[in-house]
Q: 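Got a structure for you, questions after.
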Amino acid sequence: MALARYVGVSLDSDDPQALADFYSRLLDAEISYSSEDFVFIQSANLGFTKVDKHVAPTWPSPDVPKQSHLELSVDDLDSGEAAIVALGATKPEFQPEPDRWRVLLDPAGHPFCISASI
């Protein structure tokens with residue numbers, strides 16, 4: 001018998017509402033809870049915590065570690081990437097295997113990957 005149940009993962013940000021809005025649009029998922037310090041998308045099991053003086057990761061440089069990494073699936077890499085960048089993500093120059101997956105950065109600088117659905 002499990003001693004606990006998985007609820008979700010939280011990403012640090014200096015502006016959790018803005019980051020939650022980005023992921024809400026990206027995942028077409030409704031924000032289920034919002035306060036000044038924490039925002040949660042229950043259907044995605046994804047939370048966003050306010051951290052003053054948050055320092056964004058410097059991926060791929062290890063100077064500031066990536067802190068988290070989400071894996072997302074899209075129907076088509078090129079069109080998925082374009083749509084996600086239009087939401088506010090950025091694409092770093094370094095891409096380890098761009099034919100298989102793309103690394104993007106959310107508005108707070110957290111890297112996440114998209115890969116084509118199988």
Side-chain angles (χ1 to χ4, degrees):
M1 178 180 200
L3 298 175
R5 289 180 302 282
Y6 174 77
V7 174
V9 65
S10 293
L11 301 177
D12 293 346
S13 172
D14 56 356
D15 188 347
Q17 185 64 57
L19 194 55
D21 290 342
F22 168 80
Y23 279 101
S24 174
R25 292 189 313 271
L26 173 63
L27 301 171
D28 192 25
E30 186 175 324
I31 293 171
S32 56
Y33 174 82
S34 182
S35 73
E36 185 177 317
D37 296 319
F38 184 73
V39 183
F40 194 70
I41 300 174
Q42 187 170 357
S43 64
N45 297 333
L46 195 53
F48 309 91
T49 304
K50 181 168 182 62
V51 173
D52 292 326
K53 300 180 185 175
H54 174 259
V55 177
T58 55
W59 187 91
S61 166
D63 293 343
V64 178
K66 62 183 174 180
Q67 305 162 10
S68 68
H69 187 92
L70 300 177
E71 300 287 346
L72 304 175
S73 177
V74 295
D75 291 331
D76 176 79
L77 277 174
D78 293 330
S79 61
E81 174 189 313
I84 295 168
V85 167
L87 286 178
T90 57
K91 181 180 176 183
E93 185 176 324
F94 176 69
Q95 296 291 318
E97 293 194 45
D99 293 340
R100 297 186 62 206
W101 71 82
R102 310 277 166 80
V103 179
L104 301 175
L105 305 175
D106 71 21
H110 301 108
F112 63 95
C113 285
I114 59 170
S115 59
S117 302
I118 296 175

Q: Would a single hydrophobic cluster contain both Leu77 and Val85, if residues Ile, Leu, Val, Met, Phe, Trp and Tyr are joined by side-chain heavy-atom contacts under 4.5 Å?
A: yes
Q: Sub-3.5 Å donor-acceptor pair from the side chain of Ser24 to the main-chain atoms of Ala29, do we have one?
A: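 Here the side-chain-to-backbone pair exists.
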Q: Indicate yes or no: at least one non-hydrogen side-chain atom of Leu19 is less than 4.5 angstrom from one of Pro107.
A: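 Yes; the side chains approach each other to less than 4.5 Å.
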Q: Should Val64 and Val51 be counted in the same cluster of Ile, Leu, Val, Met, Phe, Trp and Tyr side chains packed under 4.5 Å apart?
A: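 Different hydrophobic clusters.
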Q: Any donor-acceptor pair under 3.5 Å linking the side chain of Lys91 with the backbone of Leu104?
A: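 Absent.
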Q: Within a radius of less than 6.0 Å around CG of Asp28, do more than 12 heavy atoms belonging to other residues, nucleotides or ligands occur?
A: no
Q: To the nearest 0.5 Å, tell me how far Asp52 CG sits from Asp12 CG.
A: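 It is 11.0 Å, given to the nearest 0.5 Å.
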Q: Supply the atom-to-atom distance Asp75 CG to Ile114 CD1, rounded to the nearest 0.5 angstrom.
A: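 Reported value, rounded in 0.5 Å steps: 11.0 Å.
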Q: Strictly distance-based, threshold 3.5 Å: is any side-chain N or O of Arg25 a donor or acceptor partner for the main-chain N or O of Leu87?
A: yes
Q: Could you go step by step and tell me if Leu26 and Leu72 meet the side-chain contact (heavy atoms from CB on, under 4.5 Å) rule?
A: CA-CA 10 Å; Leu26 173 63; Leu72 304 175; 3.7 Å; yes
Q: If we only count heavy atoms from C-beta on, is the Leu46 to Leu70 side-chain gap below 4.5 Å?
A: yes
Q: Which value, rounded to the nearest 0.5 Å, describes the distance between Ser115 atom OG and Asp99 atom CG?
A: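 One finds 13.0 Å between OG of Ser115 and CG of Asp99.
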Q: Check whether any side-chain heavy atom of Gln95 sits under 4.5 Å from a side-chain heavy atom of Val103, and report yes or no.
A: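 They are in contact (side-chain heavy atoms under 4.5 Å apart), so the answer is yes.
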Q: Using a cut-off of 6.0 Å, state whether more than 12 heavy atoms not belonging to Glu97 lie near its atom CD.
A: yes
Q: Can you tell me how far NZ of Lys50 sits from CG of Asp15, rounded to the nearest 0.5 angstrom?
A: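 Answer for the CG-NZ pair, Asp15 versus Lys50, is 6.5 Å.
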Q: Would you tabulate the side-chain donor-acceptor contacts of residues 34-42 under 3.5 Å, counting partners in other chains and residues two or more places apart, or write 'none'?
A:
from: Ser34; atom 1: OG; to: Gln17; atom 2: OE1; distance (Å): 2.5
from: Ser35; atom 1: OG; to: Asp37; atom 2: N; distance (Å): 3.3
from: Ser35; atom 1: OG; to: Phe38; atom 2: N; distance (Å): 3.2
from: Ser35; atom 1: OG; to: Phe38; atom 2: O; distance (Å): 3.2

Q: Applying ring-ring contact (aromatic ring centres under 6.0 Å, His included) as the test, list every pair that has at least one member in residues 73-114; sequence neighbours left out.
A: His54-His110, Trp59-Phe94
Q: For residues Gly109 and Ala56, report the shortest heavy-atom separation together with the two atoms involved.
A: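 Closest heavy-atom pair between Gly109 and Ala56: CA-CB, 4.1 Å.
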Q: Measuring from atom CZ of Phe22 to atom OG of Ser13, what distance do you get when rounded to the nearest 0.5 angstrom?
A: 11.5 Å
